[in-house]
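Written below as structure tokens is the structure these notes are about.
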Amino acid sequence: MTKESMDEVPAGIRYEAVSKFFAEHVPGGDVPLRFALISGGRSNLTYRVEGGGKVWVLRRPPLGHVLPTAHDMAREYRVLRAMQRAGFPAPPPIALCEDPAVNDYPFYVMEYREGVIIADRVPEGYAETEERRRAIGRALIETLVQLHAIDYEAVGLGDFGRPEGYLERQVRRWSEQWARSETRPLPAIDELIRRLRASIPVSPKPTIVHGDYRLGNMMLDREDPGRVVAVLDWEMATLGDPLTDLGYTLVYWGEADDPQAYFTARIASAATALPGFHTRRELIDLYARLSGRDVSAIEWYEVFAQYKLAVIVEGIHARYLKGETVGEGFEGMGQRAELLVEEALAKADRAADPRLRGEI
């Protein structure tokens with residue numbers, strides 16, 4: 001490999017060792033490779049890999065500051081295999097490397113998929129009519145209902161998680177993650193955790209849970225916005241309460257009359273504020289109708305989702321302060337975490353459940 005090409009290898013890739021792995025384990029991978037970091041990732045690192053006229057995707061944990069249970073490549077690879085068996089739209093995995101001697105951390109390779117991902121805005125010329133934007137929201141919920149209908153035992157995920165006590169463990173787990181990542185005192189999050197613990201709802205029957213389900217992790221067909229090409233980023237998938245996925249989806253779904261702070265704290269929310277997109281209430285009602293599940297406690301799940309996102313963002317902020325992030329766009333993460341906590345408490349204050357309001 002020439003010095004010029006070595007200089008082009010992005011951080012997080014040991015070129016010679018990873019190329020050897022491709023040659024031995026990836027069909028068609030015994031060719032000179034080019035790696036490029038795919039922008040948009042804020043947690044696990046995702047790379048586009050090209051060689052010999054082929055394209056693959058490589059996923060690995062972030063540089064440094066890896067929290068316990070987070071960024072587990074083997075789990076992500078396993079759930080993608082299960083999705084392939086279920087016929088669910090997700091990128092088919094190709095090879096898993098669990099030997100840290102190859103690239104410092106485990107990683108896996110999956111097939112590359114072409115499509116449109118709606119990040120902070122709808123791409124120019126895409127889904128320009130209200131009817132097409134409406135189709136996006138429907139596809140988002142229909143695909144989530146499809147995921148939650150998969151028989152996890154039948155696809156080999158019967159031991160993938162512990163559904164009993166899932167919500168209690170989730171509240172505790174994210175409080176522990178906050179303690180590990182905290183970069184400055186934020187007393188409001190302690191009150192938020194207290195209220196969430198005091199008002200945990202009764203969960204429906206467990207399902208596969210994506211853990212990061214949102215429009216920004218969905219690849220849509222270039223010609224048909226109502227067709228999902230692939231659901232991405234499965235690093236937090238487990239077995240648990242399906243309504244946590246719905247709550248998390250809603251956190252990222254902005255509306256035209258949301259305050260500016262709502263958009264500042266999130267990525268992708270402003271895109272769905274355009275005419276034609278469903279409102280959050282409409283998404284909730286559509287999910288309830290298609291899934292048959294009781295969504296009367298959805299306020300708890302929305303508050304929990306904002307809390308969880310605040311912890312994730314704080315973790316990214318901590319890595320940024322240590323110089324362990326790759327790419328751009330990390331400067332405002334600390335402010336985002338604070339805004340998310342403030343918003344979560346404000347939403348809890350308006351909740352129907354007095355326990356979530358902090359009155360009991």
Side-chain angles (χ1 to χ4, degrees), residues 67-70 72 75 79 141 144-145 147-150 152-153 157-181 188-214 217 233-253 280 283-284 287-288 291-315 340-341 343-360:
L67 296 168
T69 76
D72 189 327
R75 280 182 63 87
V79 77
I141 296 300
L144 184 59
V145 171
L147 172 64
H148 292 163
I150 294 172
Y152 56 79
E153 295 277 3
L157 295 179
D159 61 346
F160 197 64
R162 294 180 294 130
E164 301 80 11
Y166 174 75
L167 294 182
E168 292 89 342
R169 286 198 312 277
Q170 282 286 292
V171 174
R172 182 179 68 249
R173 172 196 171 186
W174 291 106
S175 70
E176 293 169 350
Q177 302 278 49
W178 178 273
R180 294 186 184 96
S181 301
I189 201 163
D190 297 327
E191 173 63 11
L192 185 58
I193 293 167
R194 185 190 71 78
R195 294 193 198 182
L196 285 168
R197 283 175 173 161
S199 56
I200 290 174
V202 176
S203 291
K205 183 180 177 181
T207 69
I208 297 170
V209 171
H210 181 277
D212 194 12
Y213 193 86
R214 53 190 169 90
N217 275 338
D233 290 7
W234 292 80
E235 66 190 81
M236 290 190 284
T238 188
L239 304 182
D241 187 327
L243 297 181
T244 56
D245 274 343
L246 179 60
Y248 201 72
T249 300
L250 299 172
V251 167
Y252 279 93
W253 195 272
R280 290 188 289 271
L283 293 180
I284 294 167
Y287 180 88
S291 70
R293 293 187 178 90
D294 179 5
V295 297
S296 58
I298 194 62
E299 287 178 322
W300 187 94
Y301 293 93
E302 291 181 89
V303 172
F304 170 75
Q306 291 190 194
Y307 156 65
K308 172 181 169 179
L309 181 56
V311 177
I312 293 170
V313 170
E314 181 72 1
L340 285 163
V341 172
E343 285 183 16
L345 268 181
K347 187 170 188 63
D349 286 341
R350 300 189 300 270
D353 187 341
R355 298 171 301 169
L356 194 52
R357 295 198 303 266
E359 296 174 4
I360 298 178

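In what follows, residues are counted from 1 in the order of the sequence shown.
- Although no hydrogens or angles enter the test, the distance criterion places a donor-acceptor pair under 3.5 Å between the side chain of Asp245 and the main chain of Gly211.
- Remark: the backbone N or O of Ala352 is paired with a side-chain donor or acceptor of Glu299 at under 3.5 angstrom.
- Expressed to the nearest 0.5 Å, how far CD of Gln306 lies from CG of Leu192 amounts to 8.5 Å.
- Rounding to the nearest 0.5 angstrom, the gap separating the CG atom in Leu345 from the CZ atom in Arg350 is 11.0 Å.
- Remark: the backbone N or O of Tyr248 is not paired with any side-chain donor or acceptor of Arg214 at under 3.5 angstrom.
- Taken from NZ in Lys308 to OH in Tyr301, the straight-line distance is 13.0 Å, to the nearest 0.5 Å.
- His148 and Tyr213 share no side-chain donor-acceptor pair at under 3.5 Å.
- Just one residue in the list Ile298, Val145, Asp241 forms a side-chain contact (heavy atoms from CB on, under 4.5 Å) with Leu246, and that residue is Ile298.
- Residues Ser203 and Leu167 approach most closely at OG-CD1, 3.3 Å, considering heavy atoms.
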Residue pair Trp178, Ile193: steps toward the side-chain contact (heavy atoms from CB on, under 4.5 Å) verdict: CA-CA 11 Å; Trp178 178 273; Ile193 293 167; 5.7 Å; no

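- Across every non-hydrogen atom of Val341 and Ala188, the tightest pair is CG1-CB, 3.8 Å.
- Of the candidates Gln170, Glu176, Gln177, Trp174 forms a side chain to side chain donor-acceptor pair (under 3.5 Å) with just one, namely Gln170.
- Applying side-chain contact (heavy atoms from CB on, under 4.5 Å) to Tyr152 and the options Asp159, Leu157, Val79 leaves one that passes, Leu157.
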Residues Ile312, Met236; criterion side-chain contact (heavy atoms from CB on, under 4.5 Å); working and verdict: CA-CA 11 Å; Ile312 293 170; Met236 290 190 284; 3.8 Å; yes

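- Using a 4.0 Å cut-off between charged nitrogen and carboxylate oxygen, Arg195 and Asp349 count as a salt-bridge pair.
- Here the closest non-hydrogen pair linking Arg197 and Ser175 is NH2-OG, 3.6 Å.
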Residue pair Val311, Leu309: steps toward the side-chain contact (heavy atoms from CB on, under 4.5 Å) verdict: CA-CA 5 Å; Val311 177; Leu309 181 56; over 6 Å; no

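- If you take NE2 on His210 and CD on Glu235, they are separated by 9.0 Å, rounding to the nearest 0.5 Å.
- Expressed to the nearest 0.5 Å, how far OG of Ser291 lies from CG of Leu147 amounts to 12.0 Å.
- A donor-acceptor contact shorter than 3.5 Å links the side chain of Arg75 to the backbone of Phe160.
- Within a 6.0 Å radius of CZ in Arg169, more than 12 heavy atoms belonging to other residues, nucleotides or ligands are found.
- Side chains of Leu239 and Ile208 form a contact here, defined as non-hydrogen atoms less than 4.5 Å apart.
- Atoms CD and OG1, from Glu302 and Thr249 in turn, are 10.5 Å apart once rounded to the nearest 0.5 Å.
- Judged by distance alone, with hydrogens and angles left aside, the side-chain atoms of Tyr166 form no donor-acceptor pair with the main-chain N or O of Gly161 at under 3.5 Å.
- Ala344 approaches Val303 most closely through the heavy-atom pair O-CG1, 3.9 Å.
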Derivation of the side-chain contact (heavy atoms from CB on, under 4.5 Å) call for Trp300 and Asp353: CA-CA 9 Å; Trp300 187 94; Asp353 187 341; 5.9 Å; no

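- Between the side chain of Arg280 and the main chain of Trp253, a donor-acceptor pair closer than 3.5 Å is present.
- The two residues Thr207 and Pro242 come nearest to each other via the heavy atoms OG1-CB, 3.3 Å.
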